[in-house]
Amino acid sequence: MKFTGNVYRYGDNVNTDEIIPARYLNTSSEEELAKHCMEDIDIDFSKKVKKGDIIVAGKNFGCGSSREHAPISIKVSGVSCVIADTFARIFFRNAINIGLPIIELERANEKISDGDKIEVDLDNGIVKNLTKNVEYKINPFPPFMQKLINSGSLMNYIKSSKQN
Amino acid sequence: MWNDDNNKKSALGLTMVEKILSRHAGKIVKKGEICIADIDFAFGQDGTSSVIIDSFREMGVEKVFDKNKCAIILDHSCPSPIVGVSNIHKKIREFVKETGIILHDIGDGVCHELVPAKGYVKPGDLVLGADSHTCTYGALNMCSTGMGSTDVAAAMIAGKTWLKVPETIKFIANGKLKKGVYSKDLILYLIGQVSADGATYKACEYTGEAIDDLSIEARMTICNMAIEMGAKFGIMNFDKKLETWLEKKGIKDYKKVESDDNAEYLKIYEYDASSITPMVAMPHTVDNVASINDVKGTHIDEAYLGTCTNGRIEDLTIAANILKGKKINKNVRFIVAPASREIYLEAMEKGLIKIFVEAGAAVVSPGCGCCVGTHNGVPSDGENVISTANRNFKGRMGNNKAFIHLASPATVVSSAIEGKIADPREYLD
Amino acid sequence: MILEGNAHRFIKPDGNDNDINTDYVISGRYKFQCEDYNELATHVMEDLDSNFYKNIKKGDIIVAGKNFGCGSSREQAPIAIIYAGISCIIAKSFARIFFRNSFNKGLPLIECDTDKIEKGDKLNVDLEKGIIKNLTKNFDIKFNAIPPLMLKLLHDGGLVNHFKKNKGFNID
Amino acid sequence: MGMTITEKILSYHLKRDSVKPGEFIEVNVDIVLANDVTAPIAIKSFKNLGLKDVFDNKKIALVPDHFTPNKDIKSAEQAKILRDFAREYNIVHYYDQGEVGVEHALLPEKGVVVAGDIVIGADSHTCTYGALGAFSTGVGSSDVAAIMATGKVWLKVPETIKFVIKGKLNKWVFAKDIILYIIGKIGVDGALYKSMEFTGDTISSLDMSSRMTICNMAIEAGGKNGIVPPDDITKKYLDERKERDYIFFNSDSDAKYSNVIEIDVNNLEPQIAFPHLPSNTKNISDVKNISLNQVVIGSCTNGRIEDLRIAAKVLEGKKVNKKVRTLIIPATPTIYKKAMEEGLFKIFLDAGAIISPPTCGPCLGGHMGILAKGERALATTNRNFVGRMGHPESEVYLSSPAVAAASAIKGEIASPEDI
C-alpha cells in the first residue's frame, strides 16, 4: 500500500474530543462525522483537507474516549494515514480495526512540517518526505496485525474467519 | 374614570375582563375598544427572552419600569442541552444583572407554576408573559395572557400595553365530574366542542358547579388551556376556596372582580359535566378529542407526566396513587417532571418520587421537561407518546414523525402501566 | 403601502391549510437555540415544504386558510418569515398572539377569503385601500381595512421603532 | 516465573499456564458492553456480518446512558437502535430509560461484572471494573461487533506498572485526589498501553466506590487497565450482588513489573486538574481566584452514593452561590433512590442544587448542563479536554466531590476546610 499527500501537523495529546466533539456523537452517520473532524482545534479542517492528505502529530494521538467515531471521521474526511510519535491505545486499535493506516514514527512532528508532501510505502516500511527530500524507516506491524490490516478491517477479518 | 366599587356586581353590564381592563386603562372600556392599559407583571422564559432582550436593546432603553414587576424564568431547556441554549442562558443572566429584574434560574421550575406560587400575581391583576400559556392565572380571578417578545419588552419598559378588549364566551359546567374524570378531561372536552379556534381573540369565563368543586390547581389546568381554543384570557370567579388559597400564600391587597348580571356575552355554552368520560386528544391537534372508550388499546412508547398544565403536587399525587406497587410496562419510557423545586421536595417528602422511581420512571429536574421537544425525552420516528401536556402539534416534542396524545395524569399513568392507552377508572376503587 | 409577490400555499398532512401552527412555521428544533435570524429563516415552514426557503423570491406572499399561526407566543415565528423575505401573509383568520407579533415586527397580515388564490398566483396588495389584485387570474379581492393602530405600527416599522420614535406608546 | 493479576486473568481465560507481556492473544470475553454512542456503530457492523445470532445473549450489556432521556431526534434514533437490537436478540443486560444508569456504576452495582472476569467495553472508562479484581478495558465499536459475533477479542498482553500507595489520607482527601495526583505525576501517556496495578495499605483501606474512582481514571494516564488486588472488601461487595461465581487472582511476589512507583499520601492535599488535561494538576493550596459558573457532581468517576454523601456533608445547611449552577447527577436509579431516602436530596434541593436523572449528560458535553462561551465548570468527572462540556472556549476543572461541593458554596474553587 502506497499513498501520497500533504501534511496537516498537530501537537501532543490530540484527544478524541478534538478529533470529533461529543456534541456530534448523537449520530453515527459517517459523512456527518467527517464534516466536524478536528473542528475544535482546526475549524476549517474538513473544508481544506484533500483526499490522500496525511495527519502528523506528536505523542499520544487520539487519547481519551473509545469512540470509533474519531478514526471514522478522519478516514471519511479523506485522510489516507496518520503518522504520530505514539498513539493512545484505544485509538490505535480502532484505527486498525476500521482500516485507517497509522504509523508510529519517533519525533514525527519535529521531522515533518505542516504542508510537507509525504509519500508512505506501507509494505516496505518507508516514509518519504518529498518536500524535504528525506526518508524515514518505519517498523512493520507485528504479523497478527498485518493479517488484520490485509483483510481491510476487523469485520472483514471476522467474516473470513467465520467462513473458514 | 374608573371606580373600584364597580368591581362588585354593578349596573354597568360589564364582564370580569372588561372590569379588569377598565381599571388598568383608567376608564371604562368595553368589548372591541382598543386601549392602553397598565400592567402588573411581565415576564419571559428562555425560549422567548433572547428576543425580548434584543427588542429591549433596540429600543435604546436601559431601565425597566419596575424591576420587581419584571422577571425571566429559565424553564424550557434546563439544564441546557446544547451550546446555543447555553449562550442564550448566559445572555439572559447578564441582562438580569444589568436591569435588576427577577430571575429564576434553571431548576426552580416552570414559569406558570412559579408565577402564581411565588405570589407575583393576584386577583384583579393584568399580567403579560412571553409564553402562550400565560392565560393559566385566570384561575386566580385575573387577566393574564401570552404575548410575543417585543410586546413584553415594550411592557417591561413602559409598564403598559395596548389591548383590544375581547368579547367574552361563558362556559357553564353543571353537575359533578365522575370518579376518574378530572379538570384536564373537562377542558379537553370543551376544546373538542368549540375547536382549536373556537375562542380566537375572545375571553373565556369558566363557571358552574363542576368548576366550583375544583381545587385552585385543577382550575389552573383549565385556564392554562384556554389558548388551545384560541382565547386571549381564561378567567374564573373569586370564591372561598381562592380566598383560602391566597391566605395560605400570604397574598393580600388584591381586587376581586365579579361579572355583572347584565354583562354581555358573545355566547353562553352549557354542559353537563357528569356525562364526561376521561378524554384523549389524538394527534396532531388539541381539538381532535376522543372519549377513552373509543381509543383505549392504542399502543404507547413513551408517557410524560408534568408541565404547566399537569405538573403540580395534586397531579403527581393522583398518578402515584395509581402507580403504587405497580411497574411501568417495560416497553414504555415514563418521564416525570415536577413543575417546581418546591413540588419536587413535597413529592419527595410524601414518598411520591420513590413510587415513580421504583416503578421505573425517570424523574427529571423541574422545568418544562420534554413538552417542547428541546431535550429530556424526544421520541423517535413513528413512536406514540401520551402526555399530560397541553399541545400535541406535529413535531411538538422535537420529532415531527412522532404521535402525541394528551390526557389527564390518571390516564397517562394508567397507560404507562399497560403499554397502551388505558382507562384510569379501572384503577380506582 | 403596496406589496407584490407570488403566492405560496402549503398543505398539511390532513389535507388542508387551516391551523398552520407556529411549530410548522419554525420548529422547536431551531427556535430555542438559534439567535441568528438569517439562519433561522432557512428553516421556515420546512416541515411542510423542505424546499420552501430556496424557492422564495423577495416580496413573496404566504396564503393560507383559517387560524394561521396558532400555538406558541414565540416571536421567532414571524421573525423567520420576515427574514425569509416574505412581504405579507393572507389568510382567512390568524391566531391572536401571532397576529400581534407580526404587526409588532412590521409584517402585515391580511384577513380575507383565500379560496380563490392558488399557489404561484402573482398578487398585488394595497394595504390602505384594502384590495388584493390577482394579476395572474385577473380578479380583485376586497379585505377589511387594517385597523389604524396596526397601520401606524407598520408605518413606524414595528413596535420597536414606534417606541423609539414616540418614546413609548402613541396610538391615540 | 511470577505473574501479575492481569497476566493471570488473561492466561486463565486462555487455559494456559502463562502469558508474556507483548504477546498477541485472542481470548474469551465474559462481558462485552456498549452504550448509546458506541453501540449503534457496533450493531451496524454486526448486522453486516450476516449472522443469525449473537455469541451469548447473557454476556452482552447495552446501556444507553450518554443521552438519556433523549435530547433530540438523533439521540432518540440512536437509543432506538439499541432497543430494537436488544429485543431482537433477547439481550439480558439491556437497560432502558428509568432503569438506566451510568454504565460503569450500573454494571458493578447489579453484579453483572465480577472478579476474575475479562470485561471489554466500547467506552474508554471500562477500566473501572479493575476495582473488582477483573481485567477490563475500553475498545471501539468494531471490536464490540466482533465480540458479539465470536465471544473473543484480540489483545496485546500489557506490561504492568505497580503503584504502591502508602499512608493515611487526611480529612477531605479522597481516592479522586490520589488518582489525579498520579496522573499529574506520570502524565496523560505515562502508562500508555500498560496495566496499572494499585496496591499498598492506602488502597486496601479504601471502599469499593473509591477503588472504582481510581481504576476509572487509569485511561487518563493512557493505561490499558487499572486493577486492585481483590480482598475481603471486594468479597463483601461481590457477595451482596454477584450474578455469577467469581475468582480472585493475586500477583505473585516475584511478578515482573515494568516499573514500581511508590507514593506517600500522608501529606497529600486535595488536587485540582486545570484545563485542558487531567494531568495538569495542582494542590488546592496553590489554587486562587478561580470563579465558577457551574459545578457538576456525578459521572462514572464520582456519581456513587458515597460521593453524594460526601457532597451532602459539605452542603448540609448551606446554600450554593447564586452564580453557580450546581448539578447533582446520581449515577444509577438505585443510587438516586438511596440518596433520596437518606435525605441527601433534601439537602441538595434546600441548598439550591439541581438533581438530574442518571445520565452521563454534561460530562461529555452531551446535554443536561452545557457550558456557554467563556464559562467555567468544576466537575467530579474524569476529563477536561478542550470543549469537553460545551463551547470550545469554555473550561473544565476536575476535583473530588468534597471540593466540588465546597466550591459551589464559595462560588470559586475552594477547599472544604474553608467552609
Side-chain angles (χ1 to χ4, degrees), chain B residues 77-91 93 103 105-108 301-302 328 330-336 341-342 344-345 348-349 351 353-354 356-367 369-370 373-383 398-402, chain D residues 67-81 83 87 96-100 293-294 296 322-323 325-329 333-334 336-337 340-341 343 345-346 349-350 352-359 361-362 365-375 387 389-392 394:
Chain B
S77 316
C78 301
S80 166
I82 193 162
V83 173
V85 168
S86 308
N87 288 339
I88 286 173
H89 283 178
K90 188 179 167 197
K91 173 175 166 182
R93 291 185 188 107
L103 172 73
D105 212 318
I106 64 168
D108 278 1
D301 300 288
E302 179 170 313
I328 297 304
K330 70 177 177 52
N331 294 324
V332 175
R333 302 174 316 269
F334 184 42
I335 299 164
V336 180
R341 174 180 272 113
E342 285 71 21
Y344 188 110
L345 270 165
M348 188 167 74
E349 272 154 27
I353 304 286
K354 183 165 187 263
F356 294 132
V357 175
E358 280 180 348
V363 180
V364 303
S365 53
C370 55
T374 53
H375 67 152
N376 264 336
V378 173
S380 52
D381 291 0
E383 286 190 331
N399 187 339
N400 61 6
K401 296 192 185 79
Chain D
F67 288 96
T68 181
N70 300 138
K71 75 155 181 169
D72 56 14
I73 299 177
K74 284 178 179 171
S75 57
E77 291 298 322
Q78 297 281 95
K80 188 162 183 289
I81 294 171
R83 189 175 301 122
R87 283 180 191 160
D96 211 331
Q97 180 193 286
E99 292 188 307
V100 80
N293 303 100
Q294 180 163 301
V296 176
K322 271 206 167 312
K323 291 178 307 194
R325 313 183 296 273
T326 306
L327 302 167
I328 315 265
I329 312 177
T334 304
Y336 188 103
K337 215 169 67 188
M340 183 165 61
E341 285 169 352
F345 275 13
K346 185 160 166 45
L349 290 169
D350 286 344
I354 298 143
I355 295 162
S356 157
T359 177
H367 64 153
M368 294 283 188
I370 301 302
L371 298 176
K373 186 174 172 175
E375 286 192 330
M389 203 174 271
H391 196 280
S394 60

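Naming convention: chains lettered A, B, ... in sequence-line order (proteins, then strands); numbering from 1 in each chain.
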As an exercise: rank D:Lys74, D:Met389, D:Lys346, D:Glu77 by heavy-atom pairs under 4.5 Å with chain B and give me the winner.
D:Glu77

Taking every non-hydrogen pair under 4.5 Å, which of B:Val332, B:Asn400, B:Ile106, B:Leu103 racks up the most with chain D?
B:Ile106

For D:Thr326, check side-chain hydrogen bond (donor to acceptor under 3.5 Å, both in side chains) against everything at least two apart and list the hits.
none

Gap between atom NZ of B:Lys354 and atom CE of D:Met340 - 0.5 Å precision
7.5 Å

For B:Ser365 against D:Pro357, the heavy-atom pair lying closest together
N-CD, 4.3 Å

Least distance between heavy atoms, D:Ile73 atom then B:Val378 atom
N-CG1, 3.6 Å

Out of B:Met348, B:Glu342, B:Lys330, which one racks up the most heavy-atom pairs below 4.5 Å with chain D?
B:Met348

If I measure from the heavy atoms of chain D, does B:Asp108 come under 4.5 Å with its side chain, its backbone, both, or neither?
neither

Measuring from B:Ile328:CD1 to D:Asp96:CG, what's the distance to the nearest 0.5 Å?
12.5 Å

Output the distance between atom OG (B:Ser86) and atom NE2 (D:His391), rounded to the nearest 0.5 Å.
9.5 Å

Exercise: identify the closest heavy-atom pair between B:Leu345 and D:Asp350
CD1-OD1, 3.5 Å

Partners meeting side-chain hydrogen bond (donor to acceptor under 3.5 Å, both in side chains) with D:Glu99 (sequence neighbours left out)
none

Using non-hydrogen atoms only, which part of B:Asp105 is less than 4.5 Å away from chain D: side chain, backbone, both, or neither?
side chain

Quick check: does any side chain N or O of B:Lys90 sit under 3.5 Å from a backbone N or O of D:Lys373, one acting as donor and the other as acceptor?
yes

Do you know which of D:Ser394, D:Gly343, D:Gly352, D:Gly374 has the most heavy-atom pairs with chain B at a distance under 4.5 angstrom?
D:Gly352

Select one option (side chain, backbone, both, neither) describing which atoms of D:Glu341 are under 4.5 Å from chain B's heavy atoms.
side chain

Measure distances from D:Lys80 to the heavy atoms of chain B and classify the residue's part below 4.5 Å as side chain, backbone, both or neither.
side chain

Indicate the atoms forming the closest heavy-atom contact of B:Pro79 with D:Leu327, along with that distance.
CG-CD2, 3.5 Å

Quick one: what part of D:Tyr336 sits under 4.5 Å from any heavy atom of chain B, side chain, backbone, both or neither?
side chain

Select one option (side chain, backbone, both, neither) describing which atoms of B:Ile353 are under 4.5 Å from chain D's heavy atoms.
both

Quick check on the interface: out of D:Lys323, D:Arg87, D:His367, D:Met368, who has the most heavy-atom pairs with chain B under 4.5 Å?
D:Met368

Residue from B:Ala362, B:Ser80, B:Gly107 scoring the most non-hydrogen pairs under 4.5 Å with chain D is B:Ser80

Heavy atoms only, distances under 4.5 angstrom: which of B:Ile82, B:Asp301, B:Val357 has the most pairs with chain D? Name it, please.
B:Ile82

With chain D as the partner, which of B:His375, B:Arg333, B:Lys401 has the greatest number of non-hydrogen pairs under 4.5 Å?
B:Arg333

Proximal component of D:Ala79, with respect to chain B [non-hydrogen, under 4.5 Å]
neither

Does D:Arg83 pair with B:Glu383 as a salt bridge, N-O distance under 4.0 Å?
yes

Less than 4.5 Å apart, any side-chain heavy atom of D:Ile355 and any of B:Tyr344?
yes

Write down the atom of D:Pro69, the atom of B:Val364, and the distance for their closest heavy-atom approach.
CG-CG1, 3.8 Å

